[in-house]
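For reference, the structure is listed below as structure tokens.
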Amino acid sequence: MIFPTIASSDAPCTAVSVIYKESGEFDRYLLLPQNPDVVLADTRIIAQAPEKYFAAGIGDALATFFETRACCYAAGLNLVQKRVSRTGLGMALMCYELIVDNVEMAMEALRRQEVTPALEEMVEAIVYLSGVAAESGGIACAHAICNGMSSLEKFKHIQHGEKVAFGLLVQLVLEKADIEEIENVIYVIKMAGLPLTLADFGIDEWVEDDWRQIVDIACSPSNSMSNMPVAVSAEQVYQAVIAANELAQRYHD
């Protein structure tokens, strides 16, 4: 039985544990024998948690539909090493729709520490829909970039979901996504108060060696970049990181 007191990620409902090295760097995914029997999220408690954790949960869940869709197109494997199910794709889409519809009102409720229908639907999207959909649907570029970013000390202070949200922008650039999709994602990022540009992360200087390292890790066999619909090289991913940051800067204000 799991009782999450913050809605900071979609982990509670899954049978997957992410293992990190003592340095904080991503190590591997550990598949447990079974999912939790009960996950009970008390929204009264979650509504009183720090805003940054709730925002990070939104960032984590925001990527679920796009990563599941990528896995589906790529005929890739989900988190339990099976093919993507249509149920997983449907749940991922529902997750995304709930986030877009509720993000503004849910964040307002959280700041007032009130439980409202919008906040409860957002908790459902973050904790339940995103977790089950990601497990059934899989992950792709967004989480691969997040794992690469965890390798550097300068990103240690950044929440998992914050890094995933930036990784999603990189993924959308790689996919040449429709501008409407990109603008919807940026809308959610801004409404949730998530970092949008690298400067928002406190990264004011571009260090090429750092980002080459991040991209190499993201593109390694132990990560999920192979679940992209079209094979991408480390150089393409590196250029997409630059383009994603430039794109974010244009929408920053």
Side-chain angles (χ1 to χ4, degrees), residues 7-10 51-52 54-74 88-107 118 121-122 124-126 129-131 133-134 137-149 158-201 218 224-225 227-230 232 236-237 239-253:
S8 62
S9 78
D10 60 11
E51 183 179 329
K52 66 177 183 178
F54 195 77
I58 293 173
D60 193 28
L62 179 60
T64 302
F65 168 66
F66 298 99
E67 292 190 288
T68 296
R69 183 178 68 179
C71 288
C72 188
Y73 288 162
L89 184 60
M91 293 182 75
L93 179 58
M94 183 185 295
C95 175
Y96 174 62
E97 290 172 343
L98 285 181
I99 290 171
V100 174
D101 290 345
N102 291 290
V103 61
E104 189 168 357
M105 289 187 292
M107 292 306 298
E121 288 193 4
M122 188 64 80
E124 180 181 358
I126 295 170
L129 287 173
S130 178
I139 55 178
C141 173
H143 272 79
I145 292 294
C146 170
N147 291 337
M149 291 172 72
I158 299 170
Q159 298 285 317
H160 171 82
E162 295 174 334
K163 290 179 282 193
V164 169
F166 181 75
L168 176 56
L169 292 180
V170 177
Q171 177 171 326
L172 294 174
V173 169
L174 282 170
E175 292 177 332
K176 299 180 181 178
D178 292 339
I179 191 64
E180 182 178 354
E181 282 191 342
I182 292 172
E183 289 181 344
N184 282 342
V185 165
I186 290 175
Y187 162 76
V188 171
I189 290 173
K190 294 177 76 170
M191 286 298 101
L194 288 161
L196 181 59
T197 67
L198 293 178
D200 293 337
F201 287 112
S224 51
M225 195 66 74
N227 281 335
M228 292 295 288
V230 178
V232 293
Q236 288 174 312
V237 177
Q239 294 300 329
V241 171
I242 296 173
N245 187 50
E246 291 175 348
L247 173 69
Q249 289 172 344
R250 294 200 294 273
Y251 285 89
H252 192 266
D253 295 326

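This one's a predicted model, so the numbers in the text were calculated from it and none came from an experiment.
- The structure places CG of D178 at 10.0 Å from CG of L172, a figure rounded to the nearest 0.5 Å.
- Between C141 and G167, the shortest heavy-atom contact is SG-O, 4.0 Å.
- Side-chain atoms of V185 and F66, non-hydrogen and from C-beta on, do get closer than 4.5 Å to each other.
- Smallest separation of non-hydrogen atoms from Y251 and L196: O-CD2, 3.9 Å.
- A pairwise comparison of heavy atoms in I139 and C71 identifies O-SG, 3.3 Å as the closest pair.
- L169 pairs in a side-chain contact (heavy atoms from CB on, under 4.5 Å) with only one of the listed residues (I189, I145, N245), which is I189.
- Checked by atom type and distance alone, the side chain of E121 never pairs as donor or acceptor with a backbone atom of L98 at under 3.5 Å.
- Interatomic distance, L168 CG to C146 SG, rounded to the nearest 0.5 Å: 12.0 Å.
- Summarising the geometry of T68 relative to A133, their closest heavy-atom pair is OG1-O, 3.8 Å, with the distance given to 0.1 Å.
- Between C95 and A61, the shortest heavy-atom contact is SG-O, 3.8 Å.
- Between the CG atom of L62 and the CG atom of L194 there is a distance of 8.0 Å, given to the nearest 0.5 Å.
- Here F54 pairs with nothing under the ring pair (Phe, Tyr, Trp, His ring centres under 6.0 Å) rule; sequence neighbours left out.
- The stretch residues 139-148 participates, sequence neighbours left out, in these side-chain hydrogen bond (donor to acceptor under 3.5 Å, both in side chains) pairs: Y29-N147, D60-H143, E67-H143, H143-H160, N147-N223.
- Summarising the geometry, atom CD belonging to E124 is positioned 8.0 Å from atom CE belonging to M94; distances are rounded to the nearest 0.5 Å.
- Across all non-hydrogen atoms, the minimal contact from A218 to M225 is O-CB, 3.4 Å.
- The CD atom of E183 sits 9.0 Å away from the CG atom of L247 when rounded to the nearest 0.5 Å.
- By the side chain to side chain donor-acceptor pair (under 3.5 Å) test, E104 is found to be paired with Y187, residues two or more places apart in sequence or in another chain being considered.
- Considering only heavy atoms from C-beta on, D200 comes within 4.5 Å of H252 through its side chain.
- The shortest side-chain heavy-atom distance between E175 and R69 falls under the 4.5 Å cut-off.
- Annotation: side chain of F166 is not in contact with side chain of T197 (no heavy-atom distance under 4.5 Å).
- Other residues, nucleotides and ligands contribute more than 12 heavy atoms inside 6.0 Å of the NZ atom of K190.
- Side-chain atoms of M122 and M105, non-hydrogen and from C-beta on, never get closer than 4.5 Å to each other.
- A distance of 4.0 Å separates OH in Y96 from CG in N184, rounded to the nearest 0.5 Å.
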